[in-house]
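Here is the structure we will look at, set down as structure tokens.
Just so it is clear, the values below take in all heavy atoms, side chains as well, and ignore hydrogens, waters and symmetry mates. Predicted model, so just to flag it, every value in this text is computed and none were measured. First listed ligand is number 1; within each ligand, the first listed atom is number 1.
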Amino acid sequence: MGVYVAYGLIVLHAAFGLLQTETHPFYAIMIGGCFALVAGLHLAAGRREARADHAVGPTVTEAGKAWVEVARVCDIALNRAKIAQLGGGERVAVFRYEDKLSAISNVCAHQNGPLGEGRVIDGCITCPWHGYQYRMADGRSPPPFTEKVSNYRLRLRGDMILLDPDGLPPGTPVDPVIIPPEILPEGKGARHDQT
Ligand code: FES
């Protein structure tokens with residue numbers, strides 16, 4: 001979050017420099033109005049996200065432990081993700097690709113970008129902010145990069161995706177869940193990347 005304060009100070013620094021020479025009140029009002037608008041939008045978005053951070057999806061007990069219901073398989077578009085809320089600000093991105101499902105932390109190791117808003121490109125989860133990539137199998141960036149994020153276990157109950165809320169240490173290999181052909185939304189023949 002500190003980076004937003006830094007951006008704001010840089011903008012104010014440039015704005016005060018401009019106001020040294022442009023003394024008409026219009027410039028001061030325009031700069032103040034823009035600053036208030038951008039700050040207001042960020043605060044409103046922050047409040048909305050903070051409320052969502054406290055929500056937790058419904059849980060069910062399977063194999064003696066609590067699992068979080070994420071979504072039905074057909075609710076996740078191919079090569080995209082559904083973001084599951086685990087409460088306490090923790091979010092997990094559940095991706096569907098080929099005929100598989102994998103789950104990794106929603107927080108990019110670069111600058112905390114929302115991985116679940118990215119897509120699968122060249123077999124890797126790709127962050128929508130600056131393009132860092134992570135392998136499905138273990139949450140690690142492909143060589144020569146060294147970033148890694150936590151991944152999570154999944155299972156299916158019918159076509160409902162269940163998530164183990166206990167994250168694994170970053171970089172731990174986890175087998176993907178294979179989606180049975182009868183519940184693949186694209187049909188039995190659609191097993192491969194269609195991008
Ligand atoms: S925040 Fe993900 S690549 Fe920068």
Side-chain angles (χ1 to χ4, degrees), residues 1-14 34-35 37-57 68 70-71 73 75-98 100-154 161 163-177 192-195:
M1 290 295 108
V3 76
Y4 294 109
V5 177
Y7 289 153
L9 290 174
I10 290 170
V11 171
L12 283 178
H13 175 73
C34 289
F35 190 81
L37 178 68
V38 172
L41 287 173
H42 275 81
L43 287 173
R47 278 190 59 168
R48 192 191 62 184
E49 294 300 312
R51 272 201 298 271
D53 277 345
H54 293 297
V56 188
V68 177
V70 178
V73 171
D75 292 335
I76 307 181
L78 191 61
N79 296 320
R80 293 289 194 164
K82 188 92 177 170
I83 298 173
Q85 314 273 2
L86 299 186
E90 197 175 350
R91 299 180 186 197
V92 176
V94 179
F95 277 88
R96 181 166 79 83
Y97 56 102
E98 301 173 5
K100 301 173 185 149
L101 297 162
S102 289
I104 71 169
S105 166
N106 191 48
V107 181
C108 179
H110 179 216
Q111 287 183 352
N112 298 344
L115 291 178
E117 294 176 23
R119 59 167 55 214
V120 178
I121 298 175
D122 297 333
C124 287
I125 294 163
T126 305
C127 180
W129 282 9
H130 314 103
Y132 276 42
Q133 290 193 301
Y134 302 91
R135 295 188 301 224
M136 305 286 184
D138 54 13
R140 293 175 184 263
S141 294
F145 304 104
T146 55
E147 287 76 16
K148 52 188 177 184
V149 294
S150 294
N151 37 17
Y152 293 76
R153 292 193 183 89
L154 295 171
I161 303 164
L163 168 73
D164 180 351
D166 297 328
L168 297 164
T172 306
V174 177
D175 289 336
V177 166
H192 296 288
D193 194 328
Q194 296 177 349
T195 55

Can you list the ligand 1 atoms lying under 4.0 Å from a non-hydrogen atom of [X]?
| X | value |
| --- | --- |
| Gly113 | 1 (S) |
| Cys127 | 1 (S), 2 (Fe), 3 (S) |
| Gln111 | 1 (S) |
| Gly131 | 3 (S) |
| Trp129 | 1 (S) |

Can you find a pair of side-chain heavy atoms, one from Tyr97 and one from Met136, that are under 4.5 Å apart? yes
Could you check Leu86 against Leu163 for side chain to side chain contact (heavy atoms under 4.5 Å, CB included), going step by step and ending with a plain yes or no? CA-CA 10 Å; Leu86 299 186; Leu163 168 73; 3.7 Å; yes
Which of the N/O/S atoms in His130 sits closest to atom 4 (Fe) of ligand 1?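 Among the N, O or S atoms of His130, the one closest to atom 4 (Fe) of ligand 1 is ND1.
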State whether Cys108 contributes an N/O/S atom found under 2.8 Å from atom 4 (Fe) of ligand 1.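 No, since none of the N, O or S atoms of Cys108 sits under 2.8 Å from atom 4 (Fe) of ligand 1.
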Got an N, O or S from His110 under 2.8 Å of atom 4 (Fe) of ligand 1? yes
With sequence neighbours excluded, tell me which residues meet side-chain hydrogen bond (donor to acceptor under 3.5 Å, both in side chains) with Ser105.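 Partners of Ser105 under the side-chain hydrogen bond (donor to acceptor under 3.5 Å, both in side chains) test: none.
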Distance (rounded to the nearest 0.5 Å) between [X] [atom1] and [Y] [atom2]:
| X | Y | atom1 | atom2 | result |
| --- | --- | --- | --- | --- |
| Ile104 | Lys148 | CD1 | NZ | 14.0 Å |
| Glu117 | Cys127 | CD | SG | 9.0 Å |
| Phe95 | Leu78 | CZ | CG | 12.0 Å |
| Tyr134 | Cys108 | OH | SG | 3.0 Å |

Does ligand 1 have a heavy atom under 4.0 Å from the side chain of Tyr132, from its backbone, from both, or from neither?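 For Tyr132, backbone and side-chain atoms both sit under 4.0 Å from ligand 1.
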